[in-house]
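Only one structure is covered here, and it is reproduced in the block below.
Every heavy atom of this structure was used, including side-chain atoms; hydrogens, water molecules and symmetry mates were not. Fair warning: this is a prediction, and the values are worked out from it, not measured in the lab. Numbered from 1 within each chain, the chains take letters A, B, ... in sequence-line order.
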Amino acid sequence: MSLAALRQELAQVVDPAGARPVGVATGLTELDQALGGGLSRGQITEITGQPGSGRTTLLRQLVEGAIRQELLVAYVDADRTLNPRDWAHLARRADDDGLWVIRPPDPARAAWCSELLVRSGAFPVVVLDGGPVLPHAITVRLASIAREHDAVLVLSRAMEESRGRNVTVAVRGRAPRVVEVKREVIVARRLCAHSEVPDRRGVERRRHPPARQGRVG
Amino acid sequence: MWSDDVTHLPGRDAWDDAHRALSDGPRVRMVSSAARMAGVEPGMTLTAARAAVEDLDLRPWDDRVIARAVTRVTAQLVALSPQVTAATSAPGVWWIGASGFEKLGGERTLLKRLLALAQKYHPSSRVASADTCIAAHVATMLRWPSGRSAHLVPPGGSARLLRRAPLTLIPMDDELRAALSALGITTAGAMAALPAGEVERRWGDEGLRAWRLVQGQDDRRPVLAVISAAAAVTVELPDPVTSLEPVLFLLTPALERLVRDSARKGEAIAAVVLTLMLDRAAPHELLVALARPVARAAPLFDQCRAALEGCTLAAAVRALAITVREAVPLPDEQGDLLRATWRDPAAMEGVFARLRAGLGIDAVVRPLLRDRGHRIEDRAAWADAPADGVATAPPATTASTRLLTPPVPVAVRRRHGRPAAIRWEGRRWVVTHAIGPEHLAGAWWDQAFDREYWHCDTPRGSVLLYHARGTGRWWVEGWND
């Protein structure tokens with residue numbers, strides 16, 4: 001390898017002063033554009049929404065996108081409600097590849113799990129899904145650890161209060177952003193198309209055509 | 001004895017009659033004489049080796065097992081002679097100093113004792129004594145008319161012994177050996193007859209070195225054995241403590257020191273023993289064995305911390321000792337820092353060890369497909385195991401399901417046979433649209449089930465509801481999000 005080629009490779013790895021960090025794509029082009037290139041490293045991204053708003057589907061698309069970029073993902077399923085069937089395609093044969101899920105028996109320990117995972121440096125993407133509302137001090141601490149390890153940390157929670165049917169993606173940190181994502185952008189059809197219980201809604205498909213192009217942000 | 005750099009001995013060796021080989025990854029590393037004669041060579045792929053010999057007994061090369069065995073034998077050999085050097089390139093070969101045994105029965109007595117010890121480990125072991133290492137080595141490889149396994153080369157007899165030795169027994173460059181063979185020089189004696197100047201002119205320093213060996217001029221000597229004590233660090237606490245924090249505080253620098261010392265010796269740590277000295281109670285020992293040897297303190301600390309957090313102590317801790325139980329040569333595997341996605345696998349194992357210690361062994365899992373029945377909850381599971389296939393990805397825009405395990409009983413009001421409202425967690429969910437019923441039943445031989453599923457659309461989202469026809473109860477199994 002020549003010296004010039006080595007310099008070029010190092011320049012791609014070492015972040016020069018003032019350069020924007022490369023984000024992790026979410027899988028939704030409009031959302032990535034609204035966030036300025038995907039989920040930012042070294043910052044906390046909060047994804048909230050009512051049950052049924054498409055929040056879990058958005059998280060799944062986000063994890064799929066990260067794994068496509070060969071990033072190892074740790075997902076803390078604090079409420080222990082994820083359906084493994086929807087995520088089985090993300091498990092890999094090798095130990096150092098794909099998705100790992102942590103299911104704490106007590107949701108209150110989810111924040112501790114997230115801190116360990118980010119601090120280990122082994123996972124560039126960590127998702128904390130569910131669990132109790134985090135005190136401000138713990139959120140600040142997690143943000144600091146994410147910044148130190150240049151990790152993408154996603155905090156996701158279901159919001160019971162009625163704030164509309166959209167999913168809210170909020171980025172904290174140096175360049176805060178808030179983006180509303182309509183459910184129709186994430187999920188094509190409202191009702192489940194579960195393969196075990198076949199969906200026979202031929203009529204409903206015509207009545208409610210999928211709306212992929214929703215306004216984002 | 002097996003050998004990967006010496007041709008088979010003249011005549012078959014009873015021990016090497018079997019077709020055996022050791023594999024290192026996808027290739028053969030070492031073969032028995034019989035296997036080599038049947039066409040198996042070191043460096044072959046395993047497939048080619050099995051194709052050459054159908055009944056080949058193939059076992060994995062394990063550096064740890066071999067290192068342990070070599071250490072065990074070396075320790076016993078040291079009892080017979082203070083000068084013992086294990087040959088690093090050829091496990092199973094030792095150089096032993098045989099000088100100064102005049103008052104202990106002489107060299108013959110030493111040879112008998114060495115042979116008796118060696119034959120405990122291998123029935124076809126051989127021992128030889130000579131003025132030089134090269135003559136002793138050749139003497140063990142030649143088959144003697146007497147058939148004895150121990151041979152003493154008289155003083156000054158090295159050159160005469162070497163004269164009839166094949167050139168394959170003399171360590172030298174492969175190119176040099178091939179060049180000599182092309183010239184018809186196949187014995188050490190034939191090479192010794194060449195003029196030194198001519199050898200140096202043709203083949204340089206390497207040729208001259210080999211020429212000196214065939215003359216019996218060998219400056220190598222066994223060294224004094226150094227049995228290194230197991231690396232250990234002991235730290236004492238100022239006062240006995242009942243909490244873990246002070247112990248962990250001292251654990252970090254202790255591990256850093258052990259890792260540093262091991263790395264200097266070219267070793268990675270594979271297992272440590274933590275000994276907690278307790279106040280007026282017997283010491284408590286914990287073995288921490290790593291799946292992957294490490295040469296960094298951080299992942300080792302995580303594993304040790306996980307072990308300490310999981311133990312219950314009978315008394316206060318007054319001191320901590322950390323002993324390296326097992327160390328292996330530093331692995332060749334290197335991380336690629338120029339690949340932005342590379343992560344240290346040892347760090348991942350360390351954090352998983354801590355999570356499992358704190359949350360239970362089932363806390364770290366992967367989603368895996370299972371075909372254990374027709375029920376929705378039987379199609380997949382969370383398990384700590386590698387995927388044994390590739391599952392089909394659901395369409396990107398298909399809603400993910402959240403499952404309640406176990407399903408939650410609810411009250412349902414029906415209208416015209418279809419769910420109209422659900423009372424769940426004290427709230428009323430009005431069903432605006434219901435699709436179903438879809439009937440799932442089975443497992444009559446085990447835990448029979450008979451369910452009618454409904455997809456119910458409500459203002460709060462869609463819900464997966466089923467009616468258990470046997471009991472007549474309604475359950476919410478999940479919702480789509």
Side-chain angles (χ1 to χ4, degrees), chain A residues 9-10 12-13 27 50-57 60-61 64 69-72 80-96 99-105 109 113 116-117 120-124 186-188 190-194 196-201 204 210 212, chain B residues 299 302 337-338 340-341 343-345 347-352 354-355 358-360 362-369 374 376 379-382 386-388 390-405 433 435-436 438 440 453 455 457-458 460-462 464 478-481:
Chain A
E9 282 211 51
L10 282 173
Q12 287 172 8
V13 174
Q50 278 196 358
S53 60
R55 179 180 64 90
T56 309
T57 307
R60 192 189 77 214
Q61 291 170 1
E64 284 168 355
Q69 296 173 63
E70 294 184 12
L71 299 173
L72 205 55
R80 297 167 69 96
T81 53
L82 283 190
N83 180 6
R85 174 65 191 260
D86 292 334
W87 302 79
H89 62 291
L90 299 173
R92 294 285 190 267
R93 294 180 194 229
D95 278 349
D96 54 353
L99 171 70
W100 284 93
V101 176
I102 290 78
R103 307 180 81 222
R109 302 209 71 184
C113 297
L116 283 189
L117 291 163
S120 72
F123 296 95
I186 306 167
V187 182
R190 292 201 67 182
L191 292 187
C192 169
H194 209 296
E196 286 85 1
V197 188
D199 188 352
R200 308 256 174 99
R201 298 168 302 142
E204 279 72 19
R212 283 291 284 142
Chain B
D302 282 339
L337 293 178
L338 294 179
T341 56
R343 287 292 184 271
D344 183 2
M348 186 178 78
E349 283 161 12
V351 72
F352 283 173
R354 281 204 63 194
L355 288 170
L359 305 174
D362 295 330
V364 182
V365 290
R366 297 190 131 174
L368 300 175
L369 287 180
H374 296 295
I376 291 172
R379 297 305 181 89
W382 298 107
D388 54 7
V390 178
T392 309
T397 53
T398 298
S400 291
T401 310
R402 292 268 182 176
L403 282 186
L404 293 168
T405 311
H433 199 74
I435 303 297
E438 299 293 341
L440 277 183
Y453 275 91
H455 298 285
D457 207 7
T458 76
R460 293 203 186 105
S462 67
L464 188 61
W479 67 96
N480 303 310
D481 186 22

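Looking only at side-chain heavy atoms (C-beta outward), N83(A) and R402(B) stay at 4.5 Å or farther from each other. Between C113(A) and L355(B), the closest side-chain pair of non-hydrogen atoms falls below 4.5 Å. Within the 4.5 Å cutoff, the side chain of R85(A) has heavy atoms near those of the L369(B) side chain. Residues M348(B) and W100(A) have side chains in contact (heavy-atom distance under 4.5 Å, counting atoms from C-beta outward).
For R109(A), there are no salt bridge (charged side-chain N to carboxylate O under 4.0 Å, His left out) partners, not counting sequence neighbours. Residues meeting the side-chain contact (heavy atoms from CB on, under 4.5 Å) test with A347(B), sequence neighbours left out: A122(A), R296(B), D344(B).
One finds the CG atom of D86(A) at 8.0 Å from the CG atom of L403(B) (value rounded to the nearest 0.5 Å). Separation of atoms CG (D362(B)) and CZ (R103(A)) is listed at 9.5 Å; rounding is to 0.5 Å. With rounding to the nearest 0.5 angstrom, the CZ atom of F352(B) is 11.5 Å from the CG atom of L116(A).
Between the side chain of D481(B) and the backbone N or O of T57(A) there is no donor-acceptor pair closer than 3.5 Å.
Proximity to chain B (any heavy atom under 4.5 Å) is shown, for P104(A), by both the backbone and the side chain.
Among G478(B), A363(B), G360(B), P299(B), the residue with the largest count of heavy-atom pairs under 4.5 Å with chain A is A363(B).
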